[in-house]
Each structure stands twice: as C-alpha cells, then as structure tokens.
Amino acid sequence: MQSSNPLNYWLVKSEPDAYSWDHFVKQGKAVWDGVRNYQARNNLASMRVGDQVLFYHSVTGKEVVGLARVCCESYPDPTVPDDPRWVVVELEPVTAFPKRVSLQQLKAEPLLQNLALIRQSRLSVVPVSPNEFECILALAHAT
DNA sequence: GCCAACGTTGGC
DNA sequence: GCCAACGTTGGC
C-alpha cells in the first residue's frame with residue numbers, strides 16, 4: 001500500500017575543507033555525525049529512509065552542490081558512546097547538481113524568502129518545504 | 001579579519 | 001530564573 005508518510009526534505013551543511021561533496025561521493029555513504037545542537041539533532045531524528053537531503057557547502061563555496069538521500073535513520077552517535085543526547089543518520093549521494101546553487105541565488109529568489117538556511121544561518125541541519133525543494137532543484141537545472 | 005546571531009555556562 | 005560572559009558558526 002502507499003505510504004502514509006510523504007518524503008520529507010532537508011538541507012545539511014558541511015564545510016568542504018572538513019568534509020566535501022567530492023569526498024562524500026568517493027565514499028559512497030556518510031555517517032552524519034558531529035551534530036551538537038539540539039534543534040539540528042531533532043531534525044536528524046525526524047529523518048526517514050528515502051528523505052531527500054540537499055548538500056550545502058558552507059563557508060567555502062556557499063552553495064548547494066548536490067542531492068543525497070537518507071539511507072539509515074537516526075541512532076546514537078557512536079563517536080560519543082557515553083553521551084546519549086546525540087544521534088547520527090546515514091546519507092548516500094544521489095546526484096551532483098548540473099549547476100550549483102549559490103547562497104546569493106537562494107537569497108534572491110522570492111519563493112525562498114523563508115528558507116530556514118537563510119533565516120537560521122547557524123543551524124547545520126534544517127528542514128526544506130516541498131515548494132522550496134522544487135524551486136532549488138529548478139535552479140540547479142536551469143540553463 | 002570582523003562581527004552578528006545565537007547557544008551555553010555559571011554566578012547570583 | 002535572570003543575565004553577563006564567553007564560545008562557535010558562518011556570512012561578508
């Protein structure tokens with residue numbers, strides 16, 4: 001039967017100097033660890049297998065570079081076994097964008113004025129609405 | 001390099 | 001429970 005839970009959309013940030021899209025693609029999969037903010041943690045915990053995740057390069061690049069998907073839902077962060085507060089998910093790359101979408105472009109787009117990435121610039125895992133997601137994909141494929 | 005935003009910590 | 005001090009993130 002059809003799932004009653006539609007896919008959700010997210011955006012995760014990574015500094016490419018620390019962990020880049022290229023590295024992610026080479027590995028084929030990533031354990032998304034190191035999140036130490038409760039709001040971001042709650043977002044990780046809400047992710048479901050198949051959810052689509054935009055991959056954003058912060059600080060260097062400042063652009064959405066590709067699309068990933070959730071391949072494993074949240075479980076306790078193995079890097080801090082004594083601290084049960086934090087969780088990880090696992091992500092796998094789906095596609096590199098034909099055209100990366102810069103922060104400048106996102107800010108200029110009327111449909112994206114409420115984008116959590118912009119409104120809460122320090123949050124490293126943010127939700128994206130279906131409309132916002134479609135808009136960003138369109139920018140990534142625009143000629 | 002600067003600074004705004006914001007989360008955390010700890011004194012009271 | 002308040003708030004000052006401080007640390008971190010990330011855009012500019």
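Not measured: the values here are computed from a predicted model. We use all heavy atoms of the structure for the numbers below, so side chains are in, but hydrogens, waters and symmetry mates are not. Within every chain, numbering begins at 1; the chains are lettered A, B, ... in the order of the sequence lines, protein sequences first and strands thereafter.
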For this session: Please list residues of residues 116-123 of chain A whose heavy atoms come under 4.0 Å from any atom in DNA chain C, ordered by number; otherwise none.
Result: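 Nucleic-acid contacts, sorted: A:Ser121, A:Arg122.
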Exercise. Which ones in residues 59-66 of chain A lie close to DNA chain C, meaning a heavy atom under 4.0 Å from one of its atoms?
Worked result: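 Here the set is A:Val59, A:Lys62.
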For residues 91-106 of chain A, please give each side-chain donor-acceptor pair under 3.5 Å, one per line with the distance, not counting sequence neighbours.
unit_1, atom_1, unit_2, atom_2, d
A:Glu92, OE2, A:Arg69, NH1, 2.7
A:Arg100, NH1, A:Glu63, OE2, 3.1
A:Ser102, OG, A:Gln105, N, 3.0
A:Gln105, OE1, A:Ser102, N, 2.9

Exercise. Quick one: how far along DNA chain B does chain A reach, first to last nucleotide 5' to 3', anything under 4.0 Å to a heavy atom?
Worked result: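 Answer, 5' to 3': B:dA5 to B:dT8.
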For this session: Could you check which residues of residues 30-40 of chain A get a heavy atom under 4.0 Å from DNA chain B? Sort them by number, please.
Result: A:Asn37, A:Tyr38
Contacts of type salt bridge (Lys or Arg N to Asp or Glu O under 4.0 Å), residue [X], not counting sequence neighbours:
X        : result
A:Arg41  : none
A:Arg85  : A:Asp83
A:Glu90  : A:Lys29
A:Arg122 : none

For this session: Scan residues 120-143 of chain A for pairs that pass ring-ring contact (aromatic ring centres under 6.0 Å, His included), counting only residues two or more places apart or in two chains.
Result: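 Sorted result for residues 120-143 of chain A: A:Tyr9-A:Phe133.
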Exercise. Which pairs, with at least one residue in residues 61-80 of chain A and sequence neighbours excluded, count as a ring-ring contact (aromatic ring centres under 6.0 Å, His included)?
Worked result: none
Problem set entry | Of all pairs that satisfy side chain to side chain donor-acceptor pair (under 3.5 Å), the ones with a partner from residues 131-140 of chain A, not counting sequence neighbours |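 Passing the test, one end in residues 131-140 of chain A: A:Ser129-A:Glu132.
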Exercise. Between A:Asn43 and A:Pro127, which heavy-atom pair has the shortest distance, and what is it?
Worked result: ND2-CD, 3.7 Å
